[in-house]
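What follows is a short report on a single structure.
In this text the structure is predicted, and so the values were computed from the model without any measurement. Any value given below was found using the heavy atoms of this structure, including those in side chains, with hydrogens, waters and symmetry copies removed. Both ligands and their constituent atoms are indexed starting at 1 by order of listing.
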Amino acid sequence: MSVPSPKSPGWLDWYQDPSVPAFRLPAGTVDAHCHVFGPQDRFPFAPERKYTPCDAGRTELAALHEHLGISRAVIVQATCHGADNTAMTDAVRAAGDRARGIATVRPDISDAGLRELHSAGVRGVRFNFLRRLVNTSPKEDLTRIAEKIAPLGWHIVLYFESADLPELGGFFGSLPAPLVVDHMGRPDVTLPVDGPQFSRFLRFVDSNDVWVKVSCPERLSVTGPPALDGERHAYADVVPFGRRVVEEFGDRVLWGTDWPHPNLTDHMPDDGLLVDHVPRIAVTAEQQHRLLVGNPMSLYWPGEGV
Ligand code: 0GY
């Protein structure tokens with residue numbers, strides 16, 4: 001048996017005892033962005049990974065969802081597992097019909113390989129452009145993957161830095177499948193919400209009918225979490241960005257926890273506080289229902305109604 005790899009230096013583990021949120025999630029809430037890591041004795045990490053996390057398996061993910069009142073999940077392949085989707089598909093299968101998966105695949109994946117992922121519950125692939133996470137694949141390879149997955153009705157999840165959108169936007173627009181963007185395209189939240197950078201992102205979303213995850217305030221925030229004084233209004237600087245996207249694209253927004261929050265370096269969020277961020281960006285019951293239930297159901301469980 002191989003010796004487990006030690007965690008990357010400075011690695012922060014997920015929050016052990018999340019608070020009970022003040023906001024009650026509506027029945028049927030979907031966590032549309034979360035991950036599993038290992039456990040590495042069962043699902044070893046990929047040799048080409050750029051970080052080694054703690055274990056964060058499907059049992060712990062299910063316990064968090066139970067605690068927060070989340071009914072369904074979309075489990076996104078984490079880069080530490082490379083293109084070996086077995087930890088993710090094991091977690092999706094174990095959840096029965098209450099989970100879907102987003103895979104990482106190579107351009108030479110066979111039709112049988114794709115069909116197997118589909119039957120496990122996979123409904124999309126992720127293209128990652130963050131150099132600290134992956135060596136990004138050539139665009140021809142990504143186009144080839146997109147052409148293979150489009151007939152299955154899958155979509156493409158894009159993870160990129162806002163500064164890279166000017167260079168990548170045209171390529172994204174050429175892809176032959178629906179697009180879903182992680183974490184609002186990672187805006188610099190010290191810039192104005194109506195400034196050129198975020199306006200460019202909103203135009204991109206509008207002109208390509210993109211779906212947007214209004215997730216990860218803890219990753220985008222510069223002001224950070226609240227002091228430990230009982231104040232539950234965390235990540236205030238991210239609120240105007242999330243609210244703007246929810247207001248403009250209410251029928252194409254998704255929300256997720258991003259548990260177990262890979263690669264955060266300054267703090268680990270209390271997942272209860274992340275739930276309390278939701279009513280600050282989706283302020284009406286109707287916006288909240290679309291964000292948390294209606295939209296993810298139509299993308300991941302079409303035809304099941306809500
Ligand atoms: C996220 C963000 C990150 C990591 C990954 O797959 C991953 O390794 O997604 C990150 O480090 O910004 O969405 O979880």
Under 3.5 Å: donor-acceptor pair, side chain of D141, backbone of P107: no
Could you tell me the separation between the [atom1] atom of [X] and the [atom2] atom of [Y], rounded to the nearest 0.5 Å?
X: M88; Y: T104; atom1: CE; atom2: OG1; result: 7.5 Å
X: E286; Y: L291; atom1: CD; atom2: CG; result: 11.5 Å
X: D31; Y: T257; atom1: CG; atom2: OG1; result: 3.5 Å

Please produce the table of protein N or O atoms sitting under 3.5 Å from N or O atoms belonging to ligand 1, one pair a line, distance to 0.1 Å.
| residue | atom | partner | partner atom | Å |
| --- | --- | --- | --- | --- |
| ligand 1 | 6 (O) | T79 | N | 2.8 |
| ligand 1 | 6 (O) | R126 | NH1 | 3.0 |
| ligand 1 | 8 (O) | Y51 | OH | 2.5 |
| ligand 1 | 8 (O) | T79 | N | 3.4 |
| ligand 1 | 8 (O) | T79 | OG1 | 2.6 |
| ligand 1 | 9 (O) | R126 | NH1 | 2.8 |
| ligand 1 | 9 (O) | R126 | NH2 | 3.1 |
| ligand 1 | 11 (O) | R132 | NH1 | 2.8 |
| ligand 1 | 11 (O) | R132 | NH2 | 3.4 |
| ligand 1 | 11 (O) | N263 | ND2 | 2.8 |
| ligand 1 | 12 (O) | R132 | NH2 | 2.7 |
| ligand 1 | 12 (O) | Y159 | OH | 2.6 |
| ligand 1 | 12 (O) | R219 | NH1 | 3.1 |
| ligand 1 | 13 (O) | H33 | NE2 | 2.9 |
| ligand 1 | 13 (O) | R126 | NH2 | 3.2 |
| ligand 1 | 13 (O) | H183 | NE2 | 2.7 |
| ligand 1 | 13 (O) | D258 | OD1 | 3.2 |
| ligand 1 | 14 (O) | H35 | NE2 | 2.6 |
| ligand 1 | 14 (O) | D258 | OD1 | 2.6 |
| ligand 1 | 14 (O) | D258 | OD2 | 3.4 |

Close side-chain approach of E218 to D258, heavy-atom, < 4.5 Å: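 Counting from C-beta outward, E218 and D258 do come under 4.5 Å.
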Ring-ring centroid check H35 H261, cutoff 6.0 Å: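 Centroid distance H35-H261: not below 6.0 Å, so no.
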